[in-house]
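Working notes for the structure below.
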Amino acid sequence: MSLSAHDAISILDLAFYIPSSLLSLYLCFRHDLRQNIGWFFLVPFTLVKIAAASVQLATINSSDGEILRSVSAMLSLVAIAPLLLTILGHLQQIQQAVAKARPTRIATVHLVLLRVPTITGLVLAAHGGTASTNHLDKTGHFKKSTMSVVAVGLYLVIFAAIVAITLRFLLSRSHIRSAERRFLFAITASLPFIFIPILYAVLQASEAAHQFRVLVDSVALMACMSTVPEMVVVVIYGWVGLT
């Protein structure tokens, strides 16, 4: 039995996300979810990442390696949604703090409504990945589902909205209490590391992706554009939650 570079990345994921899932559960109990639902969404994110890594490792002794890799890729795309929901939850707490200090055009309902396309993207990513896996199982050829492409598009739109809202709150940071200001700075710091995995998903979903298969399937690229950035995001929010 030999481990591929993808398998090594999956082992790293398990080593990181298993304790991170326990930390996420602890943060849910430590913080009041009624005030900040963002902590809750870290839990499904870490669990999905554990599932994706486990499925990838299952390819070692399986004859259905391509199918399992397709499932793992689908789970990785699904995992982006909980990250976006985590930020939206933290932004909601910041919005409530700003609203107490001064009038703001950004209402709680706006942030709640942004969860709808985010969850829609999650569902589309899951259904699209399932459709691609079924097509691979029947024909032996992988075909990117339109639903997966639409999911990536929704992620991009939600991310753009999050950036706009974050910038708006940054302009009002003098009216925000120090506790919420820490969340705001954490969100600002995490945005580039969330954009990179979305950009990686765009690269994989693009029509020209098959022309750059070597680039898209590169383990180094996956590590730099998906694995490491997502871990950095968890570290940022874990640090904020513990301090």
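The residues of the chain are indexed from 1 along the displayed sequence.
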Considering all heavy atoms, the nearest Ala97-Glu180 contact: CB-CG, 3.6 Å
Summary of side chain to side chain donor-acceptor pair (under 3.5 Å) pairs that have at least one residue in residues 44-56, sequence neighbours excluded: Asp7-Gln56, Lys49-Glu230
Shortest non-hydrogen contact between Ser148 and Gly129, atoms and distance: OG-N, 3.5 Å
Hphob cluster co-occupancy, Val235 + Val48, side-chain heavy atoms under 4.5 angstrom: yes
Phe183 ring center within less than 6.0 Å of Trp39 ring center: yes
Hphob cluster co-occupancy, Tyr200 + Leu156, side-chain heavy atoms under 4.5 angstrom: yes
Qualifying residues under side chain to side chain contact (heavy atoms under 4.5 Å, CB included), relative to Val232, sequence neighbours excluded: Phe193, Val228, Ile236
Partners meeting side chain to side chain contact (heavy atoms under 4.5 Å, CB included) with Val112 (sequence neighbours left out): Gln92, Thr108, Arg115
Side-chain heavy-atom pair Leu203, Leu199 within 4.5 angstrom cut-off: no
Less than 3.5 Å apart, which donor and acceptor atoms pair up between the side chains of residues 76-91 and the rest of the protein, not counting sequence neighbours?
residue	atom	partner	partner atom	Å
Ser76	OG	Ser72	O	3.1
Thr86	OG1	Pro82	O	2.8
His90	ND1	Asn36	OD1	3.2
His90	ND1	Asn36	ND2	2.8

Closest heavy-atom pair and its distance - Pro229, Ala223: CD-O, 3.7 Å
Leu23: side chain to side chain contact (heavy atoms under 4.5 Å, CB included) partners, not counting sequence neighbours: Tyr26, Leu27, Leu242
Name the atoms and distances for all side-chain donor-acceptor pairs under 3.5 Å in residues 9-19, with sequence neighbours left out.
residue	atom	partner	partner atom	Å
Ser10	OG	His6	O	3.1

Contact summary for His31 and Gly241, nearest pair of heavy atoms: NE2-O, 2.9 Å
